[in-house]
Amino acid sequence: MKITEAADLDASVEEVFALRTTEAFHDEKCARSSPLRHTVVIHREGDHTIIHTVRAMATDALPEAARRATGAELHVDETQDWGPADADGSRSADVWIRLRGLPVTLTGTLTLSPTAAGSHQALAGSLRAAIPIVGGRIEHYAAMAITRGFDIEAQLVGESLRGGR
């Protein structure tokens with residue numbers, strides 16, 4: 001299943017990137033997804049900034065087949081690997097999301113591009129749930145969660161930068 005999301009932001013790519021690469025931003029992003037608990041690790045490797053989050057989520061809303069595979073908790077393992085700025089200032093990250101205990105993955109690219117009014121954030125990814133019979137339902141639930149996460153990030157960027165100005 002293809003996933004595409006986009007949002008226009010009232011801040012420059014540099015401002016958005018500086019915010020997105022803080023532990024406080026990802027702590028708040030994770031908290032807004034209502035996890036049972038979460039971890040955030042950010043480190044630099046050369047000119048790359050790598051953000052790794054793990055969220056333990058309750059499985060109450062998942063189909064029974066998924067709950068049997070994961071138990072009472074589902075661990076959402078997300079990595080964003082941000083590369084250096086391009087000549088025009090834009091940035092992109094390779095994104096991987098994996099649901100531990102289930103053969104469900106998202107691979108994609110998150111981009112920040114300059115605009116006349118600030119910047120544009122876009123996600124383009126491919127979601128795959130390799131589970132016979134219920135895979136489509138699992139993809140549907142996962143796609144809703146990914147879309148919600150993208151919206152949370154865009155909202156949090158806006159709130160954080162408005163508060164900091």
Side-chain angles (χ1 to χ4, degrees), residues 3-45 47-62 66 70-85 89-102 104-115 117-125 127 138-165:
I3 294 189
T4 57
E5 294 293 326
D8 290 316
L9 306 169
D10 294 330
S12 70
V13 170
E14 295 81 17
E15 290 173 299
V16 174
F17 180 74
L19 175 65
R20 290 184 62 91
T21 56
T22 65
E23 192 171 313
F25 177 85
H26 288 278
D27 274 336
E28 182 62 21
K29 171 187 133 178
C30 289
R32 289 186 183 195
S33 66
S34 302
L36 301 169
R37 64 189 168 284
H38 72 274
T39 60
V40 175
V41 176
I42 300 174
H43 69 279
R44 289 177 177 59
E45 291 182 15
D47 57 1
H48 284 249
T49 302
I50 300 163
I51 303 160
H52 184 233
T53 61
V54 177
R55 286 165 275 189
M57 308 295 291
T59 59
D60 303 348
L62 293 179
T70 64
E73 293 183 3
L74 174 66
H75 293 94
V76 180
D77 193 337
E78 178 180 356
T79 301
Q80 297 178 10
D81 182 351
W82 287 93
S90 62
R91 290 197 176 255
S92 65
D94 291 326
V95 177
W96 302 273
I97 299 175
R98 181 174 59 96
L99 304 183
R100 292 185 195 167
L102 292 174
V104 179
T105 57
L106 171 96
T107 55
T109 304
L110 184 58
T111 58
L112 290 172
S113 306
T115 65
S119 59
H120 181 77
Q121 174 177 285
L123 171 68
L127 177 64
I138 300 287
E139 282 181 0
H140 173 74
Y141 284 110
M144 287 179 6
I146 290 165
T147 297
R148 181 171 178 255
F150 185 88
D151 292 344
I152 287 170
E153 284 186 352
Q155 180 182 23
L156 184 55
V157 166
E159 289 172 10
S160 297
L161 292 173
R162 276 191 303 275
R165 290 185 179 185

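Reckoned from all heavy atoms, side chains included, excluding hydrogens, waters and symmetry mates. In this chain, numbering begins with 1 at the start of the sequence shown.
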Engineer: Could you tell me the separation between the CG atom of Asp81 and the CG atom of Leu110, rounded to the nearest 0.5 Å?
Structural biologist: 11.5 Å
Engineer: At what distance, to the nearest 0.5 angstrom, does OG1 of Thr21 lie from CD1 of Ile51?
Structural biologist: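 Spacing of OG1 (Thr21) from CD1 (Ile51) equals 6.0 Å.
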Engineer: Can you find a pair of side-chain heavy atoms, one from Glu153 and one from Leu123, that are under 4.5 Å apart?
Structural biologist: no
Engineer: Indicate yes or no: at least one non-hydrogen side-chain atom of Pro84 is less than 4.5 angstrom from one of His48.
Structural biologist: yes
Engineer: State, to 0.1 Å, how close Leu9 and Ala154 come at their nearest heavy-atom pair, and which atoms those are.
Structural biologist: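 It is CD2-O, 4.0 Å.
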Engineer: Determine whether Lys29 and Val40 make a side-chain contact, defined as any pair of heavy atoms from C-beta on separated by less than 4.5 Å.
Structural biologist: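 Contact flag for Lys29/Val40 side chains = no.
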Engineer: Considering non-hydrogen atoms only, spot the tightest contact between Ala31 and Pro35 and give its length.
Structural biologist: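 Smallest interatomic distance, heavy atoms only, reads O-CD, 3.7 Å.
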Engineer: Just wondering, do Arg20 and Thr49 contact through their side chains at under 4.5 Å, heavy atoms?
Structural biologist: no
Engineer: Write down the atom of Arg148, the atom of Ser33, and the distance for their closest heavy-atom approach.
Structural biologist: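 It is NH1-CA, 3.6 Å.
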Engineer: Would you give the length of the straight line joining atom CG of Leu36 to atom CZ of Arg55, rounded to the nearest 0.5 angstrom?
Structural biologist: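 Here the rounded value is 12.5 Å.
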Engineer: Taking all atoms of both residues into account, what is the closest heavy-atom pair of Leu127 and Ala142, and its distance?
Structural biologist: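 It is CD2-CB, 3.9 Å.
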Engineer: Under a 3.5 Å distance rule, please check whether Thr22 uses its side chain to pair with a backbone N or O of Leu19 as donor and acceptor.
Structural biologist: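 The answer is yes, because a donor-acceptor pair under 3.5 Å joins these two groups.
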Engineer: Is any side-chain heavy atom of Asp77 closer than 4.5 Å to one of His52?
Structural biologist: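 Yes; the side chains approach each other to less than 4.5 Å.
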Engineer: Do the non-hydrogen side-chain atoms of Arg37 and His75 ever get within less than 4.5 Å of each other?
Structural biologist: yes
Engineer: Just wondering, do Leu161 and Asp10 contact through their side chains at under 4.5 Å, heavy atoms?
Structural biologist: no
Engineer: Which heavy-atom pair separates Glu5 from Thr147 by the least distance, and what is that distance?
Structural biologist: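 Closest approach of Glu5 to Thr147: OE2-OG1, 3.2 Å.
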Engineer: Taking the side chain as C-beta and beyond, is there a heavy-atom pair between Ser119 and Ser12 under 4.5 Å?
Structural biologist: no
Engineer: Rounded at 0.5 Å granularity, tell me how far OG in Ser92 sits from CD in Gln80.
Structural biologist: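 It is 11.5 Å, given to the nearest 0.5 Å.
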Engineer: Nearest 0.5 Å, what's the NE2-CG distance between His26 and Leu156?
Structural biologist: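 Going from NE2 on His26 over to CG on Leu156, the span is 9.0 Å.
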Engineer: If you look at every heavy atom in Val76 and Met57, which pair is closest and at what distance?
Structural biologist: CG2-CG, 3.9 Å
Engineer: As an exercise, state the distance from CG of Asp27 to NE2 of His38, rounded to the nearest 0.5 Å.
Structural biologist: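 Result: 4.0 Å between the selected atoms.
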